[in-house]
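All remarks here apply to the structure that follows.
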Amino acid sequence: MECTHSCSALTPIRGPSQFRIITPPRQLKIPGSRKAWGRKRVVVCNKTPSFNENNSNGTFPTSKNLFMQEAIGAEHGEAFEAYRPNGPLKVDVDFLNDRMRESGLQRIRYAMKPDEAFGLIFSWDNVVADTRTLRIDAWNQLASEEGKTIPKDGETQRWVLSAGAEYVLCKILCWGEAGKEVERLKMRLSEIFYEELLELQAPMEGLKEWLEALYTAGVPCAVASSLDRYNLLAALQRMGLQKYFQAIVSDEDGMESIAQRFLSAAVKLDRPPSKCVVFEDDPRGITAAHNCTMMAVALIDMN
C-alpha cells in the first residue's frame, strides 16, 4: 500500500494528600442554575491513591483523550454550558472574569500580597512530566510487538507526538483502516503508555524548585491533564509533587477542549481567567490560554 503524507476567595495552601471536594466559588453565581452546579461538583480524592490498590477489574484506567488531538476551544470566548429547568445556560469567559473579580477584604489582601492574586496552571504533558518520551516509547513498543517499524524522520515523529492515534495508524503509518483492528491497536497503545507511566519517578528538570518557591509565596497552582485522576494523582505522589497543587483537572472532569480544561482549573483555584498564567509547551495550548484571556509561558526545547 502506498502511503504519503505532508505537513501543513484565596485558596489556602494545603499539605500533602489533602485534596478536597471543590465547588464553584461563592461569588460565581449563575442565575437559575444552582441545582445544575450542585450535581456537577468536582470531586477530588481525599487521599492520593496507591498503586497497591488494584482496580476491581484488574485493568488500567483509560482516558478517551489520551491519544487524541483535542480541540483548542474558546475561539469566540465561550466557556461552559450549564443546565437549568428552562434550558441550557452558556457561560462565557467574560462572565467568569466579571463574577470572579476580587472584592472587599480579598482586594485588600491582594494589594498587600499581589502574587497571591494570580493562579498558575501547569500542563501535565512535557511541563510537569516528560510524556514525550513515554509516548515515543509506547509507539516503538507497539511497533515491535506488531513486527513493524516507525520511520525516524522528524516529520513522522512530529505526527506521532501531536496527532490522534487513529489518524497516525491509518494515515501516517498505514497500519490499517478504521475498524476493530485499529481499535485493538489503540487500546494496546494506551496499555503500554500506562505501563510506562508506572515507571515515571521524576518531574521535568527544575520544576520542583520552582513549585517550592511558589508554594512558599502562597501562589495557588493547578495541574491540567487528559489522564484519569487515579493515575495522575499517583504519578504526582511518586514524583513528590502532590502538595504543590491545590487543584487538578483530569479526564473525569469531562472537559471538551484544552480551553475548557484551563477554565476549569481557574474556577477550582478561585481565580478569574485573566489572573491565571498557563505553562505550556504546545502551541495549541498557548492559543487556548490566550482565548481564555489568560497569560501564557511557552516552554521550548530542542524538539
Side-chain angles (χ1 to χ4, degrees), residues 9-31 33-34 36-46 74 77 79-82 89 91-124 211 213-225 229 232-233 236 241-250 252-255 258-279 288-289 291-297:
L10 179 67
T11 303
I13 301 297
R14 289 176 169 75
S17 303
Q18 292 179 329
F19 293 101
R20 61 189 178 93
I21 294 178
I22 301 176
T23 54
R26 293 179 182 177
Q27 64 266 38
L28 184 58
K29 297 179 180 178
I30 302 175
S33 64
R34 174 181 293 182
W37 276 109
R39 287 195 303 271
K40 293 188 175 183
R41 286 193 306 171
V42 180
V43 180
V44 184
C45 299
N46 287 326
F80 306 106
E81 191 171 86
L89 172 68
V91 179
D92 60 24
V93 174
D94 290 338
F95 176 91
L96 293 174
N97 276 321
D98 180 63
R99 291 301 179 96
M100 299 181 71
R101 286 182 302 178
E102 62 268 15
S103 60
L105 293 177
Q106 195 177 49
R107 183 181 292 123
I108 296 173
R109 173 169 186 132
Y110 292 163
M112 298 172 62
K113 298 183 177 182
D115 289 346
E116 294 183 3
F118 294 91
L120 272 56
I121 302 171
F122 292 81
S123 174
W124 167 257
L211 289 174
L214 294 170
Y215 183 80
T216 302
V219 180
C221 298
V223 58
S225 172
R229 191 180 307 279
L232 178 58
L233 287 174
L236 289 174
L241 301 180
Q242 69 273 24
K243 78 170 185 177
Y244 300 118
F245 294 108
Q246 287 69 61
I248 66 168
V249 180
S250 64
E252 285 84 349
D253 289 295
M255 299 296 102
I258 303 171
Q260 283 193 2
R261 186 173 294 125
F262 292 159
L263 290 169
S264 177
V267 171
K268 291 185 181 187
L269 290 176
D270 194 8
R271 297 295 186 274
S274 61
K275 287 289 189 178
C276 289
V277 182
V278 173
F279 290 80
N291 288 349
C292 297
T293 70
M294 297 178 178
M295 293 164 279
V297 176

Heavy-atom pair with the smallest gap, counting every atom of [X] and [Y]:
X	Y	value
P273	M294	O-CG, 3.1 Å
L263	C292	CG-SG, 3.7 Å
P220	Q246	CA-OE1, 3.1 Å
Q242	L236	OE1-O, 3.4 Å
M100	A266	CE-O, 3.8 Å

Measuring from atom [atom1] of [X] to atom [atom2] of [Y], what distance do you get when rounded to the nearest 0.5 angstrom?
X	Y	atom1	atom2	value
D92	D98	CG	CG	10.0 Å
R101	S274	CZ	OG	9.5 Å
K268	F245	NZ	CZ	13.5 Å
L214	D115	CG	CG	8.5 Å
C221	I248	SG	CD1	14.0 Å
L241	F122	CG	CZ	10.0 Å

Salt bridge (Lys or Arg N to Asp or Glu O under 4.0 Å) partner of E116, the single match among K275, R109, R107: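 Only one of K275, R109, R107 forms a salt bridge (Lys or Arg N to Asp or Glu O under 4.0 Å) with E116, namely R109.
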I121 pairs by side-chain contact (heavy atoms from CB on, under 4.5 Å) with which of V223, L269, V249? L269
Please verify the inter-ring angle class for Y244 with Y215; under 30° counts as parallel, over 60° as perpendicular, anything in between as tilted. perpendicular
Go through the steps for L211 and K243 under the test side chain to side chain contact (heavy atoms under 4.5 Å, CB included), then give the verdict. CA-CA 10 Å; L211 289 174; K243 78 170 185 177; over 6 Å; no
